[in-house]
Amino acid sequence: MLIVGNWKAYVETLEKAKRLYAVAKRLAAAGHHEIVIAPSAPHLGFLAGGNRSSVEFAAQDISSSLGGAATGEVTAGAVAGVGATYVIVGHSERRAAGETDALVLQKVQHALAHGLVPILCIGERERDAEARYLAHLRTQISLILTALSPQERKKIVVAYEPIWAIGKSATEAITPTDLNEMVLYIRKILTEFLPGKGASKINILYGGSVESGNIRALAAASSIDGFLVGHASTDAASFGALVKAVT
Ligand code: PEP
């Protein structure tokens, strides 16, 4: 499984970042899945620069600009240069801050051009009785994949993160049965863009209140390839327990 810890802005001190990185290193060394951590940009530079372990690094976001006169922006080239291999793109917290699908597409393209694997976040704000949220997900995926070449499409990871499930507790996360349906649905959309066996090779992650108490059931009931974990990845004990729960 691919398990990505999105530290968001929960981790502000370098001491805490180092402690969490040490836990991630132990989990990765024990062969507990592919472990990726996404620290804040300063901590990413500090930790990834000296990384000699099998932990991999993700940036939490990148700029839609390619550099130059763009004060405050962190570019794909900059994060790839310090050793990140993934980047989270289109997270709902970035979309809530005004990020459009057009900007998400630019970021995906910049990521790919710099050899980074984009983790494309999609997800509905709420579920409606008419199931319009399914069309919303289809649009979010289609807008990006249509603009990519067949080779580029193979290089993305899709993270399904229903907004209603983010930042809560395991009891309010998606149910295993619903997750199974959503993974099948997303995989079906992917087959329209990646014929043959292409779609089956794309990693689909789930994010939204994944904790040690629900991760095993979510993994067991669906063909999910991994998880994007927010708050539970910023506590050493919780992250360790969560990863071990699916080992
Ligand atoms: C997220 O926002 O990417 C996320 C998964 O958050 P949480 O685990 O805190 O719900």
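Reckoned from all heavy atoms, side chains included, excluding hydrogens, waters and symmetry mates. Position 1 is the first residue of the sequence, and the numbers go up from there. Start at 1 and go down the list; that is how both ligands and their atoms are numbered.
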Worksheet entry | Glu56 and Thr85 side chains, donor-acceptor separation under 3.5 Å |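 Present: a donor and an acceptor within the cut-off.
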Discussion item. Is any side-chain heavy atom of Ile224 closer than 4.5 Å to one of Tyr160?
Written reply: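 Not touching, per the 4.5 Å side-chain cut-off.
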Worksheet item: Does Leu112 reach the side chain of Leu148, with side-chain heavy atoms less than 4.5 Å apart?
Response: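 Result yes, sub-4.5 Å side-chain heavy-atom pair found.
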Practice prompt. Give a yes or no on whether the backbone of Gly67 and the side-chain of Thr75 come within a donor-acceptor separation of less than 3.5 Å.
Written response: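 A pair under 3.5 Å: no.
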Heavy-atom contacts with [X] under 4.0 Å: which atoms of ligand 1 show up? List them by number with element.
X	value
Ile166	2 (O), 6 (O), 10 (O)
Gly230	4 (C), 5 (C), 6 (O), 7 (P), 8 (O), 9 (O)
Ser209	7 (P), 8 (O), 10 (O)
Gly208	5 (C), 10 (O)
Gly167	7 (P), 9 (O), 10 (O)

Worksheet entry | Residue of the set Glu130, Glu126, Arg125 for which side chain to side chain contact (heavy atoms under 4.5 Å, CB included) holds with Asp128 |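 Single pass found, and it is Glu130.
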Worksheet item: Starting from atom 2 (O) of ligand 1, which protein heavy atom do you reach first, and at what distance in Å?
Response: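 Minimum-distance protein heavy atom for atom 2 (O) of ligand 1 reads Lys8 NZ, 2.5 Å.
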Worksheet item: Nearest protein heavy atom to atom 9 (O) of ligand 1, by residue and atom, and its distance?
Response: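 Here the closest protein heavy atom is His231 ND1, 2.6 Å.
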Worksheet item: Is His91 near ligand 1, meaning one of its heavy atoms is under 4.0 Å from it?
Response: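 Within the 4.0 Å threshold, so yes.
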Practice prompt. With heavy atoms only and a cut-off of under 4.0 Å, state how Asn6 meets ligand 1: side chain, backbone, both or neither.
Written response: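 Under 4.0 Å from ligand 1, Asn6 contributes side-chain atoms alone.
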Worksheet item: Can you say whether the rings of Phe227 and Tyr206 are parallel (under 30°), tilted (30 to 60°) or perpendicular (over 60°)?
Response: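 Judged by the thresholds at 30° and 60°, the geometry between Phe227 and Tyr206 is perpendicular.
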Fill in: Test: Glu161 and Arg95 ion pair at under 4.0 Å
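No, this pair does not count.
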